[in-house]
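A quick note: this is a predicted structure, and the numbers were derived from the prediction, not measured. A note on names: the letters A, B, ... follow the listed sequences, proteins ahead of strands, and every chain is numbered from 1.
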There are 2 protein chains.
Amino acid sequence: MARLAGVSAITVSRALNTPQKVNEATRNAVLKAVEDTGYIPNRLAGSLASNRSRTVGVIVPTVTNSIFADKIKGLSDVLSEAGYQILLGQSGYSPEVEAELVSALLAQSPSGLVITGSAHALRTHTLLGRADIPVVETWTNAEAPVDMQVGFSNEDAAFAAVAHLAAGGYRSLALVVAPMVHNDRALGRKRGFDRGLAHFGLRQTLPPIEAEFSLRNGADALARVIEAQPQTDAIFFANDVLAAGALLECRRRNVAVPDRIGIIGFDDLEIASEMVPRLTTVAVPRYDIGANAARMLLRRLAGETIQPKLTLDFEVVARESTRRTCGDRV
Amino acid sequence: MARLAGVSAITVSRALNTPQKVNEATRNAVLKAVEDTGYIPNRLAGSLASNRSRTVGVIVPTVTNSIFADKIKGLSDVLSEAGYQILLGQSGYSPEVEAELVSALLAQSPSGLVITGSAHALRTHTLLGRADIPVVETWTNAEAPVDMQVGFSNEDAAFAAVAHLAAGGYRSLALVVAPMVHNDRALGRKRGFDRGLAHFGLRQTLPPIEAEFSLRNGADALARVIEAQPQTDAIFFANDVLAAGALLECRRRNVAVPDRIGIIGFDDLEIASEMVPRLTTVAVPRYDIGANAARMLLRRLAGETIQPKLTLDFEVVARESTRRTCGDRV
DNA sequence: CTGTTAGCGCGTTCAC
DNA sequence: GTGAACGCGCTAACAG
């Protein structure tokens, strides 16, 4: 071990973890020995002894959805800066799998947990309650978070989308949204949509279409709406990938956007601003959700008392796929 | 502790880890006690004692690039099935950061490591050599892998792309590729492009344009090519996001694809098949790279001796953004 | 099939 | 500023 190289045993630990507590000369000697031998401290042993693991468990539905990839990027950027490692789990939108993952991650004694949404299996709540570590729920704005929370109001954001459509003179709307079972974000967006309908006196031409995010599903949904309810004059897609797929389908079918039909998306992915026509959407703080979740976690671990609910802003970004002002039809 | 609930100490460990080695009655008693108390074994302690952590370190340039997200999905699917956890690190395409991550992950005593590419910092090689764990390099097809490897020949795949363009009668090509410093995948694709040029007697109208993957960068690159070298009749974009951005820019500029200019991408993301016109591209096994890397790791950990190099297939998918047969211009 | 003993490699606590 | 003892919670090895 590196200890032979220097002269001491535990001094190595101090030289590495609390350098200021060690005399400069001995510290340098230790560091040199570490360098020479290529000694890598065993963090497992360290964590076991100190009961602090410098590890954060992160659970997302899937990394494959770029909004979660962005969140992970945000988390990773600030956590790695602070010397923390990420333990990643993917739930596939299943509360049962999520509960399994929580259990599996908890077994690794993470310093904290970052999970997605606020709809969890009962077992998850039990586990989280018993585990005495900070937990951040993300992408949501629930009344009573398990512990901490960073997100935005999906409902208000969807309402704002409908308000934008109403302002553009659209009257007959359709909603295309991610499957809502076990997905409080999707559910919130539907609620906001419904509230907007009522508030602005608009009508819904057909029941919400639930579709997993993909361009193809967006295209299919557009086709279905156009064929089943041609009088529909605008569609709210609860994510940009679906919306972009629909825009592409409009092009194939020669459906005029935004005049024949208005399209609004959600997320403000890069594709929104690059599409032809450019996609109107609701911009949400994907990266900042992760970055802020990480910061809250770190502050809490540092012993600070912090406001446990952080509500970030969203913004309707009006572009070319919707009319900006009332047309002649209202 | 759960041990009180039952009657034993290590029997708990056995009942949980090697159930078949424990009498059914006692096993059930233990499991019941575990259930009742909500006992979660401390894996840190277990790993320390057994020197096996059931953890795999995964390093990608960024999760934000969906090709790596797909790989992670593949890894995650087979690893979690086997009870392994993923420790995630993002290098941001920097060999120095990668080396730091390798060191940080090694400190967690992972059972194995899955890294990206074959171009690493010297320190990474040193660390990997000293660490006595299986390592899988992915997305690459180098001659002498550090340990194991799963990927495909980026060079051959790029060559195939050029071959496709040549067959379509395109003669004056341009290349748009990810920044090639420290990126052996991008470098390989350029080499394949160059080889194709030579082999088919085509010419390159301007030096390779290096651009990070984004729709905007693809659009800008297209503009640059068209303006600087209007005689260019086809462009090979080394990823689909760039290519899709270019296609969108073609639409804005009313540039006819595939007749005025042919566009071929790389990766076969969903956007390729949904674009208008549909994008010709090179399909690569993004998910399977991850899934196979995980399988190789598990087999090795199980003590099997396996073929350390796995070369997967790619395929040129001819769609509408390139001509299929020689036009009248050659 | 089950228990006992010992020790994984550190950090804590308390001496010096 | 440095060291010695002890223990974190579990599993390896060996007994019984």
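In this entry the distance linking CG of A:Asn51 with P of D:dC6 reads 22 Å, nearest Å. A straight line from CG of A:Leu48 to P of D:dC8 spans 9 Å, rounded to a whole angstrom. Atom CG of B:Asn28 is separated from atom P of C:dC1 by 14 Å (rounded to the nearest Å). Rounding to whole angstrom units, CZ of residue A:Arg43 and C1' of C:dC8 are separated by 18 Å. Residue A:Glu24 contributes atom CD, which lies 12 Å from atom P of D:dG1 at whole-angstrom precision. For the pair A:Arg54 CZ and C:dG11 P, the computed distance is 11 Å after rounding to whole Å. Straight-line distance from the CG atom of A:Leu16 to the C1' atom of C:dC10: 12 Å, rounded to whole Å.
Using modelled atom types and a 3.5 Å distance limit, the side chains of A:His120 and A:Glu137 yield a donor-acceptor pair. For the residue pair B:Asn154/B:Arg185, the side-chain donor-acceptor check at 3.5 Å is not satisfied.
Proximity of B:Arg52 to the phosphate of D:dC10: no side-chain N or O atom is located under 4.0 Å from OP1 or OP2. The side chain of B:Tyr39 contributes an N or O atom lying less than 4.0 Å from OP1 or OP2 of D:dC10. Taking 4.0 angstrom as the limit, B:Asn17 places a side-chain polar atom (N or O) nearer than this to OP1 or OP2 of D:dT11. Between A:Thr26 and the phosphate of D:dT2, there is a side-chain N or O to OP1/OP2 separation shorter than 4.0 Å. Dashed line: the shortest gap from a side-chain N or O of B:Ser13 to OP1 or OP2 of D:dT11 is under 4.0 Å.
Here the side chain of A:Ser94 pairs a donor or acceptor atom with the backbone of A:Val97 at under 3.5 angstrom.
The side chain of A:Ile10 sits closest to D:dG3 out of D:dG3, C:dG9, D:dT2. Between C:dC10, C:dT12, C:dT2, one nucleotide has an atom nearer to the side chain of A:Ser50 than all others, and that is C:dT12.
Checking A:Asn42 against B:Thr11, the closest nucleotide of DNA chain C that is more toward the 5' end is the one next to B:Thr11. In terms of position along DNA chain C, the nucleotide closest to B:Lys21 lies nearer the 5' end than the nucleotide closest to the other residue of the pair B:Lys21 and B:Ala49.
Exactly one of A:Val136, A:Leu128, A:Leu87 qualifies for a side-chain contact (heavy atoms from CB on, under 4.5 Å) with A:Leu113. That residue is A:Leu128. Among the candidates B:Glu100, B:Glu98, B:Glu96, the single residue satisfying the salt bridge (Lys or Arg N to Asp or Glu O under 4.0 Å) test with B:Arg123 is B:Glu100.
The base of D:dG3 is paired with the side chain of A:Arg14 by a donor and an acceptor separated by under 3.5 Å.
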